[in-house]
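The structure appears right after this line, and notes come after that.
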Amino acid sequence: MEDSIKLLIVDDEPELLDVLQWHLQKYYEKTYLTTSPYEALEMLSSTKMDILITDLRMPGMDGLALYKRGLEFSNDLQCIVITGHGEIDSAIEAMKLGAINYLHKPMSIAALLAAIDKGKEKIILMRRLKLEQDRLKSTNELLKEEIEKRKTAEEAIRDAAIKYQSLMDYASDAIFISDESGYLLEVNKKAEELSGYNKGELLKLHYSVFVPVEKLEFSRKLNAQLAETGFMVANDLPLLRKDGATIPVDLTGSLIELGGVKLVQTIIRDISYRKKMEEEMNRAQKLDGLGLLAGGIAHDFNNIMTVILGQVMIAMEKLDPVGGALKNLSEAEKAIKVAKGLSLKLLTFSQGGSPKKAPVRLARLLSDTVQLTLSGSNVECRMHIAQDLWSVVADEGQVSQAISNIAINALQAMNNGGVLEISADNAMIEDDTYVTLAGGMYVKLVFKDNGPGIPADNLQRIFDPYFTTKESGSGLGLTIAYSIIKKHNGYVDIDSTYGVGTSFTIYLPASVEEHDTCQPCQPTQSHYDHPLTFSKKKVLLMDDNEGVLETISELLELNGYEVGKSRDSIEAVQLYLEAMKSSAPFDVVVLDLTVPGGFGGKKAMEELLKIDPKVKAIIASGYSDDPIVSQYRQYGFQGVITKPYDVDELNSLINNMA
């Protein structure tokens, strides 16, 4: 049958083959599987396969070598390369050989099916065109006997093409037929629509009019491949239209022979819509993923800030106003502001909002952030900042977060102490120096530690979400740093030698409106200049974070409250029930909204309402976008408080309870 194809799947992981067979057998009956590239080669030599799906790295023979050998048996063999590694050279080599696609593990079945469908369309079209070529060839032989010998081969081809013009015009892709020198001899209607030229104009043109200047060299390489192999394929190329606009296309070309004349048949597909959809889907997926990550990180940040804020207030309660600890508390207050700003910026970033950019003096930001991050550690920081350092246009909070995350990574790498060398210099970058970086003026930051370094196998995954080699690490810090710098049109590079150390290099676009200099940090004055006053009530406090629980409890107790403490909902409900049965029930309950791995404040409130419909409860949360925060009364709460909060705010809520 015209649409029947044979698939050969080669992968040295039997489990993956089982999964692929289960999914693909629903769509393709003729599917062959093997874990051995040598067995696959024997199958290719004995059976006409249409599409080869091969792993890149296999013992004895890699996927590209297998594909090359397979082309010796069938030069129209299509190939899809799958790999768990992201080598750009392998991807380029695969595309040069004519591979349909280059997929990264873990891949979705939808992506694989889309690639197979693309190859299937190409195979079916090639089969149809081959049939038509055979018919045209047969017709041309008959015509050669009937027409005058003086009629040229070109005229015979055009006469025959008229009979099949309707077939070409019904094609969904643009079809161009040219001579070996590149001049067009025949086109279909889709070619007119795609190029913006009418047929009369097209038949006077050379193919090079569709090639942007920057792609001429690549076009010459494609033609060399066509001359050598009789076939060429290229994906995501810009096609230059008559109006000067470019559109992305996929291209397949082959040499055909009609009436003794060699011709080039090129099929071009407009992929503008597909690319737009892919970009939108990728953007949505990334933002959704970062949103989930940011929510958890913001929760942790806000717990930390609540502890810091509470400890500052406790210290202020105990502080002798004429003592010398005010500077230390001012520094703690400064840390709270930085952490709170980072939490808010991270949430905004995760929701897809663009960074709120403004000119930033990077030297001061760099110094303050690193000083705060390394405070109290056994790591020495040596900082070298150019005196005339350019400013950058950036979101100060986000860039501070990225710097802090990289400094934390160095700190964790040197857990036994060490030296972190940081430099900041102006840099002029030329075009094409880095794949994703445009030429221009940049500020270059280098973070170099003398930790143990990163094994080569891990370097490719260092920015992947959740990838970490540290027992206490979350695997999110470097992912967020990378995302922030990319969002600022910058670039992050890493260089590491195992056993020697690691170096991170950041490039941020510079602004030359004003120069930057590094100034010493100055302490700020605390605004906590009044004692806390509380009424006497009995409060039940539930929070899974021990630091928050102990800090807020101490603050409440310092000001006359009797406090019951619980780290989970089950214990909180039990304590409330026991207090109800005694002569001293709780007046107010403060419940943490989120308890990782357990029931949070929402579930606890449901149980408390069953016990006591008149329970007075406050919900505390670090997630400002949670529906419970904005609609807390619908869930039975009388108040809501958002972390980080001070005890003045909590006291006000408690005292105002009806």
Side-chain angles (χ1 to χ4, degrees), residues 299 302-303 305-307 309-311 313-314 317 530-596 598-658:
H299 177 268
N302 291 333
N303 277 332
M305 288 187 285
T306 301
V307 174
L309 183 58
Q311 292 296 332
M313 297 185 73
I314 291 171
E317 283 283 292
H530 60 279
L532 301 175
T533 57
F534 295 84
S535 59
K536 311 303 181 183
K537 282 187 171 66
K538 186 176 181 182
V539 177
L540 174 59
L541 182 65
M542 188 275 283
D543 200 296
D544 69 292
N545 185 287
E546 185 173 356
V548 173
L549 188 65
E550 296 300 328
T551 299
I552 299 302
S553 297
E554 184 177 354
L555 269 171
L556 292 173
E557 290 169 350
L558 278 173
N559 291 274
Y561 283 100
E562 181 181 349
V563 182
K565 298 181 290 184
S566 169
R567 293 196 62 180
D568 60 62
S569 297
I570 297 175
E571 184 183 9
V573 173
Q574 184 63 34
L575 289 174
Y576 191 88
L577 182 60
E578 292 174 359
M580 279 188 66
K581 294 178 180 179
S582 71
S583 58
F586 287 104
D587 297 296
V588 177
V589 181
V590 182
L591 301 173
D592 186 23
L593 175 60
T594 304
V595 177
F599 296 123
K602 179 183 176 182
K603 180 64 176 178
M605 189 60 181
E606 291 174 358
E607 297 302 318
L608 289 175
L609 286 171
K610 295 176 184 177
I611 297 171
D612 180 9
K614 296 182 180 180
V615 60
K616 297 181 178 65
I618 298 168
I619 190 71
S621 173
Y623 293 110
S624 60
D625 59 344
D626 193 291
I628 295 181
V629 175
S630 58
Q631 304 170 28
Y632 60 92
R633 291 191 183 278
Q634 296 183 16
Y635 297 88
F637 294 96
Q638 284 78 42
V640 61
I641 193 165
T642 303
K643 297 177 182 179
Y645 57 84
D646 59 46
V647 184
D648 276 335
E649 186 179 358
L650 182 59
N651 179 51
S652 177
L653 274 174
I654 293 174
N655 288 331
N656 289 331
M657 287 289 184

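Every heavy atom of this structure was used, including side-chain atoms; hydrogens, water molecules and symmetry mates were not. All figures in this text were calculated on a predicted structure; none of them were measured in a lab.
- Remark: K538 qualifies as a cation-pi partner of F586 under the 6.0 Å distance and 45° angle criteria applied to the six-membered ring.
- In this structure, I552 and L650 have side chains that are in contact, with non-hydrogen atoms separated by less than 4.5 Å.
- Scanning both residues, S566 and L575, for their nearest heavy atoms gives CB-CD1, 4.1 Å.
- Remark: Y576 OH to I611 CD1 distance equals 8.0 Å, nearest 0.5 Å.
- Across every non-hydrogen atom of L541 and L549, the tightest pair is O-CD1, 3.5 Å.
- Within the model, atoms CG of L540 and CG of L591 stand 7.0 Å from one another, a figure rounded to the nearest 0.5 Å.
- Shown here for S569 and M542, the closest heavy-atom pair between the two residues is OG-CE, 3.7 Å.
- For E562, the CD atom sits in a loose shell: 12 or fewer heavy atoms of surrounding residues, nucleotides or ligands are nearer than 6.0 Å.
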Take N655 and K537 through the side-chain contact (heavy atoms from CB on, under 4.5 Å) test and state the conclusion after the steps. CA-CA 9 Å; N655 288 331; K537 282 187 171 66; 3.8 Å; yes

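- For the atom pair CD (Q574) and CG (D568), the distance works out to 11.0 Å, reported to the nearest 0.5 Å.
- With hydrogens and angles ignored, the 3.5 Å screen pairs no side-chain donor or acceptor of S553 with any backbone N or O of E550.
- Atoms CD1 and CG, from I641 and D592 in turn, are 12.0 Å apart once rounded to the nearest 0.5 Å.
- A side-chain contact (heavy atoms from CB on, under 4.5 Å) with V589 is found for exactly one of I618, V615, I619, namely V615.
- The two residues A620 and V590 make their nearest non-hydrogen contact at CB-CG1, 4.4 Å.
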From CA spacing to verdict: side-chain contact (heavy atoms from CB on, under 4.5 Å), L608, V573: CA-CA 6 Å; L608 289 175; V573 173; 4.2 Å; yes

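- Salt bridge E571/K565: absent, no basic N to carboxylate O contact under 4.0 Å.
- Interatomic distance, F637 CZ to L653 CG, rounded to the nearest 0.5 Å: 13.0 Å.
- The shortest heavy-atom contact between M605 and Y635 is CG-O, 3.4 Å.
- Under a cut-off of 6.0 angstrom, the local environment of CD1 in I570 is sparse, with at most 12 non-hydrogen atoms contributed by other residues, nucleotides or ligands.
- Using a 4.0 Å cut-off between a side-chain N of Lys or Arg and a carboxylate O of Asp or Glu, K603 and E607 qualify as a salt bridge.
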